[in-house]
Amino acid sequence: MSADSSTSKETVNPTVDGSELIRFDKVTKRFGSHVVLDELDFSVASGKHVTLIGPSGSGKTTILRLLMTLMKPEEGTIKVGGEYLTHETKNGKLVPASEKYTREVRKNIGMVFQQFNLFPNMKVLRNITEAPVQVLGLSKDEAEQRARELLELVGLTEHIDKYPSQLSGGQQQRVAIARALAMRPQVLLLDEVTSALDPELVAGVLDVLRDIAHTTDITMLCVTHEMNFARDISDQVLMFDSGRVIEAGTPEKIFTEPEHERTREFLSAVL
Amino acid sequence: MMTSDFITAWFLPGLWITVQITVYSAALAFVIAFPIGVLRTSPLWIVRFLAGTYFEIFRGTSALVFMFWMAFTVPMLFGFSFLPMAAGVLALGMTYGAYGSEIVRGALAAVPVAQREAGVALNFTKGQRLRKIEIPQAWPEMLPPFNNLLIELLKGTSLVSLIAVADMTFAGNLWRLVTAESAPVYTVLLVVYFVLAFLLTRGMRLLERHAKARIGQAPEKVGLLGGLRSKSSIDAVTGTGGAK
Amino acid sequence: MNWDWSNVEDFMPHFWDGLLVTLQALAWGTLIAFSLGLLWAIAQRSDQVWIRWPVTAITEFIRNTPLLVQLFFLFTVVPEFGPTMSPLTTGIVGLGLHYSTYTAEVYRAGIEGVPVGQWEAATALSLPKRRTWTAIILPQAIRRVIPALGNYVVSMLKDSPQIAAIGALDMLGEAKGFTQATFTYEAISIVGIAFIVIAYPASVLLRVLERRLVR
């Protein structure tokens, strides 16, 4: 792994060698006049686990939401697996992507949300099987087989026949992880997945994610305030501030000898 | 004429007509309300505009005037006529369908954005999101205002008596002419309408419990004497409200 | 299809007469509905069961039965015991009474929306009950429900042609009379369009008002 990025004074554009899976190219995202991401460049190599840290409002979650096509960037392009995400090439020209094209590229991406966002109208099993059946065209049996394996992985086999409202937050989040994995994505986006949980439920969810990080080759992009977890699973940590990556490196380096003043301030505030 | 004869000859058939008109117009209103309500949430402005135009026109329409127009003007203007009952059902169904579309739109708009996002993250198509996620979740929210609308519709069926459909109100008017006893006749009529409204509410509450249980929610407890109306942010009479 | 504009021209004087009657019915009906509804709403919060219960029962009954039958009732039954009322007066009473049961619900929601702290503050200041209602609770409650009340005025407008069934000469009454007298058919179309033309801007206005007042 590379990640030991250059260190110009103000911004850092980390590049990762190996096969590049995600690339942001001069991506700008604004909300009104507020610039959330400012010509952001960065890339993630296939199979790597990257954690985004930084103060709230620094644009970390926006990156995940852009990748999931829940928002569109104002400028710049995003590529996933070499394909444009929000644009497509037609007759050699770059045009905004059609829904059909976007869905094709989006197949490779899964996301786990802060608030779980399970479907309250479906039981646990159907929450997991619905998309594989409807979107990937799996047979019901195949999808259920897959769901059972994943529920075993997240330790919730006995809750297969319950509604989300009957589960604790930690259990719901584990179902949500299983639901995302059932789509066999190349990239898993984790958006502050433990922030909405009661403290005693956090460990269970993080254990599941550690397990996945260590036993699969799935690429993870993770926004979290759990610094110990970030240290455990990450190959690379990116420090964000005001819409830019100001420092990047291995967890050891970032957490033990951060170079940038803002990184030091941030870490001393959260650790 | 003996009162008991009158009841079997006019009042009970009238009651049956009232029930039929309620069922037919409710079915028509439902069939109109759903697509119009869904189209009013479309991302395409032209679709929203056209569906919204239907809503605005029929929300501004007086059901009785529209019914008269269907029954008396259409035959003269276009040279064909509906059966009086069909004119009544069409007028009621089309107006109440417009109110119903507001219920559908409001309930769909009230489904949390996060649910749509979860659907995107799992790569569902728009149609799949609507069918599998948004409508099933909005449905239990639609039932209480639908209940109120259904009661309004039941009350509205009495208007068909004015275009010579022999419903319960028509029978009541006839009965009064025969017996010249206004107070008992109209009191009975009002009580029967009230009982019908009560039965409708019971049925709708049952449906609501069933729908809520299906999405894993516990239904609210409502006592037997709790009002006939369901509490809802969407107003069935004025066709306004719900999440914007 | 053979639309005859000269029939429209002949009808227009009757139309304006009818419009005037419709607006009269609406104005007086609104006045009754707004004031009687407030009375119901306050009565429904009474400490006395023998006030609360009958008022609730009566308003539920009126709200869940057809206005048309209520109009027939008022027009034929009331003169047997009390005063004989003209069709228009009966119509106004009927519309006002019927819609007062809806406005009562609106007021009730508005009153329930006033924070409990406001009642407690009034108690803490030892304000008399009447003063608490008129100076503290109602001003806060009513401001929020004005758009909802307005929406019921629009609904009342659309129900107002039912008073033609007891012989009032509102827009529909005039149109019916004209149609039967002349064997023409333009009049009802004109009246139908008139309702849309009045109701649409009114509801647009109310939506603007709602955005201003309810936050």
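Letters go in sequence order (proteins before strands), and every chain restarts at 1.
- Taking each heavy atom of B:A197 and C:N64 in turn, the nearest pair found is CB-O, 4.0 Å.
- In this structure, C:Y200 OH and B:T61 OG1 are separated by 13.0 Å, a value rounded to the nearest 0.5 Å.
- Partners of B:K155 by salt bridge (Lys or Arg N to Asp or Glu O under 4.0 Å), not counting sequence neighbours, listed by chain and number: B:E152.
- Heavy atoms closer than 4.5 Å to chain B are found in both the backbone and the side chain of C:Q162.
- Residues of residues 156-164 of chain B having a heavy atom under 4.5 Å from any heavy atom of chain C, listed by number: B:S158, B:L159, B:S161, B:L162.
- The two residues B:W69 and C:S189 make their nearest non-hydrogen contact at NE1-OG, 2.9 Å.
- If you take CZ on C:F61 and CZ on B:F198, they are separated by 13.5 Å, rounding to the nearest 0.5 Å.
- The aromatic rings of C:F72 and B:Y186 sit parallel, their planes meeting at an angle under 30°, below the 60° perpendicular limit.
- Within the 4.5 Å cutoff, the side chain of B:V74 has no heavy atoms near those of the C:Y185 side chain.
- Summarising the geometry, atom CD1 belonging to C:I163 is positioned 11.0 Å from atom CG belonging to B:L64; distances are rounded to the nearest 0.5 Å.
- Scanning both residues, C:T179 and B:M76, for their nearest heavy atoms gives CG2-CE, 4.4 Å.
- Rounded to the nearest 0.5 Å, atoms CD1 (C:I62) and CZ (B:F194) are 11.0 Å apart.
- To the nearest 0.5 Å, atom CE of residue C:M171 and atom OG of residue B:S62 are 8.5 Å apart.
- If you take CD on C:Q70 and OH on B:Y193, they are separated by 11.5 Å, rounding to the nearest 0.5 Å.
- Looking at every heavy atom in both residues, C:P66 comes nearest to B:L190 through O-CD2, 4.3 Å.
- Using a 4.5 Å cut-off between heavy atoms, C:F75 does not touch chain B at all.
- Contact count against chain B (heavy-atom pairs under 4.5 Å) is highest for C:V77 among C:T184, C:I198, C:V154, C:V77.
- In this structure, chain C has no heavy atom under 4.5 Å from any part of B:V192.
- By the neighbour-count criterion of 12 heavy atoms within 6.0 Å, atom CH2 of C:W28 is sparsely surrounded, having that number or fewer from other residues, nucleotides or ligands.
- Using a 4.5 Å heavy-atom cutoff, the side chains of C:V191 and B:F68 are not in contact.
- Side-chain contact, B:R176 with C:T76: no donor N or O sits under 3.5 Å from an acceptor N or O.
- Atom CH2 of C:W16 sits in a sparse spot, with 12 or fewer heavy atoms from other residues, nucleotides or ligands closer than 6.0 Å.
- Your options are C:A187, C:A199, C:P161, and the one with the most heavy-atom pairs under 4.5 Å with chain B is C:P161.
- The shortest heavy-atom contact between C:S203 and B:E56 is OG-OE1, 4.4 Å.
- Of the residues considered (B:V185, B:T169, B:L154), B:T169 shows the highest number of contacts with chain C, using heavy-atom pairs under 4.5 Å.
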